[in-house]
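What's counted below: heavy atoms across the whole structure, side chains too, no hydrogens, waters or symmetry copies. Sequence lines set the chain letters: A, B, ... in the order given, protein chains first and strands last, and positions in each chain run from 1.
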Amino acid sequence: MLLLPCPFCGARAETEFVFGGDGSVAPPPEGENASDAAWTEALYFRDNPRGAHRELWFHRHGCRRWIAVERDTVSHAILRAELLVPSARKDGQA
Amino acid sequence: MRYSVFSLIRNAFSGHTDWPAAWREPEPRAYYDTIIVGGGGHGLATAYYLAKEHGVTDLAVVEKGYLGSGNVGRNTTIIRSNYLMPANTGFYEWSLKLWEGLEQDFNFNAMVSQRGVLNLFHSDAQRDASARRGNAMRLNGVDAELLDREQVRRMVPLLDMENARFPVKGGLLQPRGGTVRHDAVAWGYARGADQRGVDLLQNCEVTGIRVQDGRVVGVETTRGFIGARRVGLACAGHSSHVAAMAGLRLPIETHVLQAFVSEGVKPVLDQVVTYGAGHFYISQSDKGGLVFGGDLDGYNSYAQRGNMPVVEEVMEMGLQLFPAFSRLRYVRQWGGVMDMSMDGSPIIDRTPIAGLYLNCGWCYGGFKATPASGWCFAWTIAKDEPHRLNAGFRLDRFATGHVIDEKGAGTTPNLH
């Protein structure tokens with residue numbers, strides 16, 4: 001059982017969370033103007049590290065916040081966990 | 001030596017102490033024409049078919065541990081070809097046909113048992129989906145039978161047909177599906193390849209892939225550099241970081257899948273049965289143990305062991321189908337690491353690097369594919385082009401949009 005250190009709720013069992021996948025993946029910054037190749041890379045290709053892996057978890061049965069966790073994919077040791085804060089948009093909306 | 005009833009009788013007289021080793025343990029040579037990375041089911045099958053079908057015998061298989069130490073011995077041994085997508089149907093049916101003649105072909109008892117694979121359904125919508133799948137299979141020349149409730153009840157008497165939430169309404173049966181003794185598959189292919197002159201190099205981990213001017217020239221290993229004109233990667237579970245040695249990035253995540261065995265009991269279950277309202281599959285081994293499994297653990301992992309939540313979930317689903325099994329103790333559990341591809345289908349293809357070939361992305365359906373995977377990968381390496389059976393399993397399908405998503409789950413490797 002993974003114990004994920006939620007910054008709000010403390011250490012909680014993995015069954016309270018939903019796995020949100022690889023957290024290093026981001027859409028290309030050019031958005032809809034990005035090339036097909038850039039979108040293919042972002043959508044389909046992964047580093048898939050054997051070791052430290054940045055990933056997203058959603059605390060569904062807790063604070064309902066997304067957290068970013070760095071976890072070792074071999075030992076399952078949790079190296080870091082932080083709240084996922086959306087970057088501020090230019091128009092001032094969150 | 002050829003295994004037969006006569007060799008068995010002859011060796012019985014000497015107390016079975018004179019059997020020769022099934023394969024040699026050669027020292028690595030400085031150069032091979034072709035190297036296969038990965039001494040599991042797919043790698044050994046590739047070596048076997050390269051030697052047998054294409055006459056490539058200047059060939060080595062390099063394996064970081066012992067032969068068959070990975071996923072070929074870490075699965076629930078099921079074989080079937082009940083697929084829907086055209087790119088999959090032909091390939092998996094060819095695999096099943098190779099299974100049917102495999103033991104005679106490589107002269108090894110792999111205990112291929114075509115006991116039938118029964119996929120249960122629990123609602124009208126699921127019945128329609130099963131009928132559609134069965135029709136698609138039959139149109140493609142694969143056997144399929146739609147069973148109603150009474151037929152299922154007669155066939156699998158221990159099933160709880162009256163589950164209040166998910167009553168069994170029937171099932172889609174593939175009579176030619178079944179189980180195989182998985183370790184024997186690795187051993188049979190290894191022995192067959194060795195007899196044709198293939199060097200099987202164990203405890204020989206690849207630490208680098210040497211590329212010059214866009215062409216592969218060999219592999220660095222823990223037993224020194226080995227030169228080669230062609231290198232085939234068949235190391236599912238670890239494909240990403242092995243391919244990264246050649247500078248390739250793959251559409252794959254590595255996840256762990258668990259399997260379980262109960263204590264041995266008298267014959268209680270004659271088929272492979274899968275649950276339609278959960279993800280659960282079960283059969284009974286010839287030794288009597290019930291062999292079963294369920295979902296992935298759900299997050300990226302290279303650990304060859306699993307976690308408790310999925311253990312509980314699998315047991316719960318099993319008992320929904322077979323309440324009688326609540327009295328059994330389960331005795332063994334193991335985890336294997338899976339190449340989960342982005343569309344749930346495998347990749348057998350060339351790569352942008354000349355002489356480097358890729359066999360990966362088997363998700364957790366790689367065992368049943370072993371013969372056809374080796375057969376098609378051998379063809380792809382020998383002819384430097386895909387066979388029509390693996391023509392759909394291209395590496396560039398993600399860029400061109402020709403993904404083969406059997407489940408329609410999208411780019412969610414942990415859900416395929």
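- Side-chain contact check for Y299(B) versus T73(A): every heavy-atom pair is 4.5 Å or farther apart.
- For E41(A), the parts lying near chain B are the backbone and the side chain together; criterion is any non-hydrogen pair under 4.5 Å.
- When the shell of 6.0 Å around CD of E32(A) is examined, it contains 12 or fewer heavy atoms from other residues, nucleotides or ligands.
- Contacts between V337(B) and chain A at a heavy-atom distance below 4.5 Å are absent for every atom of the residue.
- Both the backbone and the side chain of I252(B) come within less than 4.5 Å of a heavy atom in chain A.
- Atom CD of E312(B) and atom OG1 of T15(A) lie 8.5 Å apart (nearest 0.5 Å).
- Between A303(B) and H76(A) the shortest heavy-atom distance is CB-NE2, 3.8 Å.
- Chain A forms more heavy-atom pairs under 4.5 Å with one residue of S239(B), G298(B), P309(B), S341(B) than with any other, namely P309(B).
- Counting heavy atoms from C-beta outward, L43(A) and M342(B) have side chains that stay 4.5 Å or more apart.
- Within the structure, every pair that satisfies the salt bridge (charged side-chain N to carboxylate O under 4.0 Å, His left out) test and touches residues 45-59 of chain A, not counting sequence neighbours, is listed here: R46(A)-E253(B), D47(A)-R249(B), R54(A)-E82(A), E55(A)-R71(A).
- With respect to chain B, the highest number of heavy-atom pairs below 4.5 Å among G51(A), A13(A), G20(A), P49(A) belongs to P49(A).
- Residues of residues 409-416 of chain B having a heavy atom under 4.5 Å from any heavy atom of chain A, listed by number: T411(B), N414(B).
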The test is side chain to side chain donor-acceptor pair (under 3.5 Å); show your working for N48(A) and Y302(B) and say whether it passes. CA-CA 10 Å; N48(A) 193 19; Y302(B) 280 92; 3.2 Å; yes
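- Summarising the local packing, CZ of R60(A) is surrounded by 12 or fewer heavy atoms from other residues, nucleotides or ligands at distances under 6.0 Å.
- Residue pairs that meet the ring-ring contact (aromatic ring centres under 6.0 Å, His included) test with at least one member in residues 27-54 of chain A, sequence neighbours left out, are Y44(A)-F398(B).
- One finds the OG1 atom of T400(B) at 10.5 Å from the CG atom of D36(A) (value rounded to the nearest 0.5 Å).
- In this view, E16(A) and R12(A), H59(A) satisfy the side chain to side chain donor-acceptor pair (under 3.5 Å) rule, not counting sequence neighbours.
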